[in-house]
Amino acid sequence: MLRQAIIPLAGLGTRLLPLSSVMPKELLPINGKPNLEYLLEECIQAGIKEFIFIISKNKEAIKKYFFNDDFYKKILKKKKDKKIFEAYKSIKKYQKMIKFVYQNKPKGTGDAILKCKKFIKSSHFAMLFPDDLIIKRNCTKEMIKLHNRTNGSIISSKKVNKKDVSRYGILSIKNKKKNYFQIKDVVEKPSINKSPSNYAIIGRYILPRKILIKLKNLKPGQGGEVHITDAIKQLIDDGEKFYANIFKGKYLDCGTLSGYIKSGIEISKDQK
Ligand code: G1P
């Protein structure tokens, strides 16, 4: 039973400056609520019961957003307003599910996972990148289904234009079926010539707990960061089964300003 999800939230958000200089990008509203809440809803619908948020001391606002009881209690004492109570309730429901760990130096997603070590209990856990929203279909639910069927680790994937491969981790394919394939290899941000396919990694993973051992022994790679892709590559080489779930929803990249604006438009259309 997959119950835990890790969400790395310690990133600097430089692609969304100047907005992200005063507010964590993950709290910027998309059609009225932070993109982070879309991720939580997707996970809860898929059966996830516990979230581990990796924040940094510059991202304390995320903690405050979910755990601001004193503020609500004070204001509700003064104003017995139903709308304020509803807002409080909508946030409070998440409190029991969220744990925080800190990553104060941006040393990559691999390092972020290592910070969660003491909380990761079962054989597999989910990891979601908050920049990547997938709407119209529940991607985490689809991935858990594939994980239950194969007993393997899962990465969500989407076909991208050849010219865009160097923006993503790219997968090499083995035994392709209609909606999934086994992953033979992964290459992080390859050049067009070196790209093994145009199936890209989109920020949703179901990873085995044993990745922690690989991460612990991994030397920092590109840009001095510990990359999750390098640890996945090593696990595949060791014979661990990884599958790509070719998800059916619509992918929105809200990590850049143009993508963030587009996400707002798409989600408001979707929720009409
Ligand atoms: C990360 C991963 C990459 C993946 C991408 C999806 O890259 O390293 O493999 O394709 O997320 O958004 P980043 O966005 O941190 O550059």
Side-chain angles (χ1 to χ4, degrees), residues 5-17 20 24-26 30 35-36 38-39 42 54-56 59 103 105-115 126-135 139-140 143 153-173 181 183-192 194-207 211 214-215 218-236 242-247 249-260 262-263:
I6 289 183
I7 308 187
L9 298 162
L12 300 172
T14 46
R15 288 181 298 179
L16 273 169
L17 284 169
S20 55
K25 61 176 180 175
E26 299 82 4
I30 296 182
N35 72 341
L36 183 53
Y38 289 95
L39 257 67
E42 174 183 327
I54 304 139
I55 60 169
S56 70
K59 297 286 196 82
Q103 184 195 30
K105 289 195 187 121
K107 289 201 283 186
T109 40
D111 176 68
I113 296 179
L114 274 176
K115 300 274 189 271
M127 177 169 77
L128 294 90
F129 289 168
D131 281 356
D132 297 342
L133 283 188
I134 297 168
I135 58 167
C139 181
T140 300
M143 292 172 77
S153 300
I154 315 291
I155 300 177
S156 70
S157 177
K158 167 188 154 43
K159 230 176 175 172
V160 295
N161 286 329
K162 258 232 135 41
K163 66 173 178 37
D164 294 328
V165 288
S166 61
R167 146 80 186 87
Y168 299 98
I170 300 292
L171 304 170
S172 158
I173 306 166
F181 57 84
I183 300 168
K184 200 163 81 183
D185 197 8
V186 283
V187 193
E188 186 64 25
K189 302 188 173 69
S191 60
I192 298 183
K194 295 212 171 119
S195 187
S197 79
N198 51 351
Y199 277 99
I201 295 176
I202 301 302
R204 301 274 188 288
Y205 305 76
I206 292 179
L207 298 169
I211 199 162
K214 294 285 176 208
L215 288 169
L218 211 61
K219 296 234 159 53
Q222 227 180 27
E225 297 188 356
V226 178
H227 294 284
I228 181 76
T229 313
D230 295 337
I232 292 174
K233 204 179 164 72
Q234 286 189 8
L235 284 172
I236 293 174
F242 271 77
Y243 296 89
N245 169 53
I246 308 165
F247 65 85
K250 186 173 173 61
Y251 163 63
L252 302 171
D253 174 7
C254 48
T256 62
L257 192 57
S258 60
Y260 169 66
K262 203 168 151 221
S263 302

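Start at 1 and go down the list; that is how both ligands and their atoms are numbered. Only heavy atoms go into these numbers, but all of them, side chains included; no hydrogens, no water, no symmetry mates. In what follows, residues are counted from 1 in the order of the sequence shown.
Residue contacts with ligand 1: D132 is included, with a non-hydrogen atom under 4.0 Å away. In this structure, H227 has no heavy atom closer than 4.0 Å to ligand 1.
Between E188 and ligand 1, at least one pair of N/O atoms sits closer than 3.5 Å. Residue I202 has no N or O atom closer than 3.5 Å to an N or O atom of ligand 1. Between I201 and ligand 1, an N or O atom pair is found at a separation short of 3.5 Å.
Taking the charged nitrogens against the carboxylate oxygens, K25 and D131 do have a contact shorter than 4.0 Å, which makes a salt bridge. Between R204 and E42, at least one side-chain N (NZ, or NE/NH1/NH2) sits under 4.0 Å from a carboxylate O, which counts as a salt bridge.
In this structure, atom 14 (O) of ligand 1 lies nearest to the protein heavy atom R167 NH1, 3.3 Å. When only non-hydrogen protein atoms are considered, atom 1 (C) of ligand 1 lies nearest to F129 CE1, 3.6 Å.
Each of T140, N245, L207, I183 was compared with I154 under the side chain to side chain contact (heavy atoms under 4.5 Å, CB included) criterion, and only N245 meets it.
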Under the side chain to side chain donor-acceptor pair (under 3.5 Å) criterion, do D111 and Q103 qualify, and how do the steps go?
CA-CA 8 Å; D111 176 68; Q103 184 195 30; 2.8 Å; yes
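Annotation for I201 and Y168: closest pair O-CD2, 3.6 Å, computed over non-hydrogen atoms.
Close approach of ligand 1 to K189 (heavy-atom distance below 4.0 Å) involves ligand atoms 7 (O), 8 (O), 13 (P), 16 (O).
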